[in-house]
Amino acid sequence: MHLYNTLSGRVEELTPMDGKALRMYACGPTVYDYGHIGNFRTFLQVDVLRRAMRLLGTEVRHVMNVTDVDDKIIRNAAAAGVGIEEYTRKYQEAFFEDLKALEVEPPEVIARATEHIPTMVRLIEKLAAQDIAYRAEDGSWYFRIARFPEYGKLSKKDFSGITDGARIDLDEYEKDSARDFALWKAPKPGEHRWETELGPGRPGWHIECSAMSMEYLGDSFDLHAGGEDLMFPHHENEIAQSESATHRTFVRHWFHVRFLLVDGRKMAKSEGNFYTLRDLLLRGYKASAIRMLLIAVPYRQQLNFTFEGLAAETIAVERLRTFRERMEGTKWPARAAMDGGASEIQNVARETKAKYLAALADDLNTAEARAAIFEMVRFVNARADAGGFFESDKAEVLEALRMFDRVFAVLEDHDAEWTRFTLDWAEREGKLDQAAPEVLATRGVTDEKIQALVEERDGAKRRRDFKRADAIRNELAGMGILLEDSKEGTRWKRK
RNA sequence: GGCGCGGUACCCAAGUGGUAAGGGAGAGGUCUGCAAAACCUUUAUGCGUCGGUUCGAUUCCGACCCGCGCCUCCA
């Protein structure tokens, strides 16, 4: 695997330093609200990375944090009159449900900030012992940036002008330098707090990731991932804290996913231009299409989200699913016994696999990897139409599809299930009015019900009662069901 | 202002110093009771603009124009 490293600014080979498993840490969500699909782009691209690593033969030990305490959480929980645990529980659950709907593999370790306070306190104490952390008048603790000359090496910023003890201005009187960042925040009256050796308070955001990543992955590990916005200051601060404490290289390889844009602007809560996964499912878009859209454009490219793009990916996924069904569901003729060796189709499938793997290994070029698969699909379809596809070709082609799906994970159709799940959720939350009418129409439409209608229509067709057959077809269409008539019989699928 | 990224067909988008992948849409066709679906074929003498290097540049260099991100909470 060759992957761009933000720290060096180059594409570099990525191999586990212990020769066994890639140890990676990915910054997870702050659970104060539902995630939007911009957030999920990052988690999906990290998922692509871990799936690709495994496909290429490297085991992965992946740790993700959940920030379940921060200023927003404390503020929102207080406003809602509940404790922070109760407040965040709902969003945490929703986050993991969303990941599941998007086929994101769960990390090996999920680390919650509130369950690691002692680890963070110890790390701050370690910094305090070197006078790198200092206590301000209000009881907060800060990191003395002047003591870490390499500060800025990740984000390529020049902080050489920062000198210790240079008090900046009136607003920041409690810090020694304006750039110094909080490690531990003293509580305001009535705020949620932990009583610790540092005094009462709560951890800063940055120390959380340093402490938890090193607890599970060691002082020095392979890869750290996150959205591009985290590069500065979050990841820069993590490096400063960790390397000051251990005097070792914190992380070798930094992986940053670029932003999702909408209407040419970044998708963000603060901009108010965001869509949650649930918004889109209620509008009738499929989870698989959303996954496909968010991973098909390589992670180093900004991706402009549009509904047109989403609709296009829905069809693209459908094309692949239909192809797989065709491969599996058709009785293909046997090849003449005298034809020895690999067939042209088998060779194409093998070349496709090679191209696919090479594209992924080349800085996760998902666009090229995907293109290789579509090329194979078209080639095989054309041959099959011309009667040039045989039973003995099937295994190799299906193997290429399986390989594709080990990273893309869109071929298994769980879409209706997740749409149903989201409708149930919307009902509980009183948000059913946000669902599109055609989505609401699918409620209560079970496979059994559809199957019965399809069979009834087949009977009508056999009787050449086309009026009745067409009526049933219309009825099914109203429930969002498309029919596909063929010699082998009638297949149906959800729009 | 500093740092970084990008401008490729109607839309999304890959890519290479030697003549433009893939997906969607459009057009044509095969199939079909009719449809739909499915499948096939087809669609950029051109890769922001202007110079330069080169036998040859979309690909390298320079300038310029435009867009986006970070520099503050943010995936």
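Lettering follows sequence order; numbering is per chain, from 1. Worth knowing before you read on, the calculation uses all heavy atoms, side chains too, and leaves out hydrogens, waters and symmetry mates.
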Within the modelled atom types, does a donor on one side and an acceptor on the other bring the side chain of [X] and the base of [N] under 3.5 Å apart?
X	N	answer
A/Arg473	B/A35	yes
A/Asp470	B/A35	no
A/Arg383	B/C40	no

Write down the protein N/O and nucleotide N/O pairs, taken from nucleotides 70-75 of chain B, whose separation is under 3.5 Å; answer none if there are no such pairs.
{"unit_1": "B/C70", "atom_1": "OP1", "unit_2": "A/Lys266", "atom_2": "NZ", "d": "2.3"}
{"unit_1": "B/C71", "atom_1": "O4'", "unit_2": "A/Lys157", "atom_2": "NZ", "d": "3.4"}
{"unit_1": "B/U72", "atom_1": "OP2", "unit_2": "A/Arg179", "atom_2": "NH1", "d": "3.0"}
{"unit_1": "B/C73", "atom_1": "O2'", "unit_2": "A/Lys72", "atom_2": "NZ", "d": "3.3"}
{"unit_1": "B/C74", "atom_1": "O2", "unit_2": "A/Lys266", "atom_2": "NZ", "d": "2.8"}
{"unit_1": "B/C74", "atom_1": "N3", "unit_2": "A/Lys266", "atom_2": "NZ", "d": "2.8"}
{"unit_1": "B/A75", "atom_1": "O5'", "unit_2": "A/Asn39", "atom_2": "ND2", "d": "3.3"}
{"unit_1": "B/A75", "atom_1": "O4'", "unit_2": "A/Asn39", "atom_2": "ND2", "d": "3.4"}
{"unit_1": "B/A75", "atom_1": "O2'", "unit_2": "A/Thr42", "atom_2": "OG1", "d": "3.4"}
{"unit_1": "B/A75", "atom_1": "O2'", "unit_2": "A/Gly227", "atom_2": "N", "d": "2.4"}
{"unit_1": "B/A75", "atom_1": "N6", "unit_2": "A/Met267", "atom_2": "O", "d": "2.5"}
{"unit_1": "B/A75", "atom_1": "N1", "unit_2": "A/Gly38", "atom_2": "O", "d": "3.2"}
{"unit_1": "B/A75", "atom_1": "N1", "unit_2": "A/Leu260", "atom_2": "N", "d": "3.1"}
{"unit_1": "B/A75", "atom_1": "N3", "unit_2": "A/Gly38", "atom_2": "O", "d": "2.7"}
{"unit_1": "B/A75", "atom_1": "N3", "unit_2": "A/Thr42", "atom_2": "OG1", "d": "2.9"}

Nucleotide paired to [N] in any strand shown, Watson-Crick or G-U, under 3.5 Å:
N	answer
B/C10	B/G24
B/C3	B/G69
B/C34	none

Ignoring hydrogens and angles, tell me if any N or O in the side chain of [X] forms a donor-acceptor pair with the backbone of [Y] under 3.5 Å.
X	Y	result
A/Asn365	A/Pro298	no
A/Arg202	A/Lys185	no
A/Asn5	A/Gly9	no
A/Glu313	A/Leu310	no

If you compare every side-chain N and O of [X] against the phosphate oxygens of [N] (OP1, OP2), does one of them come in below 4.0 Å?
X	N	answer
A/Arg378	B/G22	yes
A/Arg265	B/G69	yes
A/Lys495	B/A36	no
A/Arg319	B/G23	yes
A/Gln302	B/G7	no
A/Asn365	B/A14	no
A/Arg326	B/A38	no

Rounded to whole angstrom, note down the [atom1] distance from [N] over to [M].
N	M	atom1	result
B/U58	B/A20	C1'	8 Å
B/G24	B/A37	P	13 Å
B/U43	B/G7	C1'	22 Å
B/A36	B/G29	P	13 Å
B/U72	B/C64	P	27 Å

Do [X] and [Y] meet the criterion of a side-chain donor-acceptor pair at a distance under 3.5 Å?
X	Y	answer
A/Asp458	A/Thr490	yes
A/Asn76	A/Tyr87	yes
A/Asn304	A/Thr306	no

Sugar-phosphate only, base, or nothing, as touched by [X] at under 4.0 Å among non-hydrogen atoms:
X	result
A/Ala312	sugar-phosphate
A/Phe466	base
A/Asn381	sugar-phosphate
A/Glu313	nothing

Hey, is A/Lys157 close enough to A/Glu236 for a salt bridge, meaning N to O under 4.0 Å?
no
Identify whether the distance between the nearest side-chain nitrogen and carboxylate oxygen of A/Glu97 and A/Lys100 falls below 4.0 Å.
no
5' precedence on RNA chain B between A/Glu484 and A/Leu293 (nearest-nucleotide basis):
A/Leu293
Pairs under 3.5 Å (N/O, protein and nucleotides 26-31 of chain B):
none

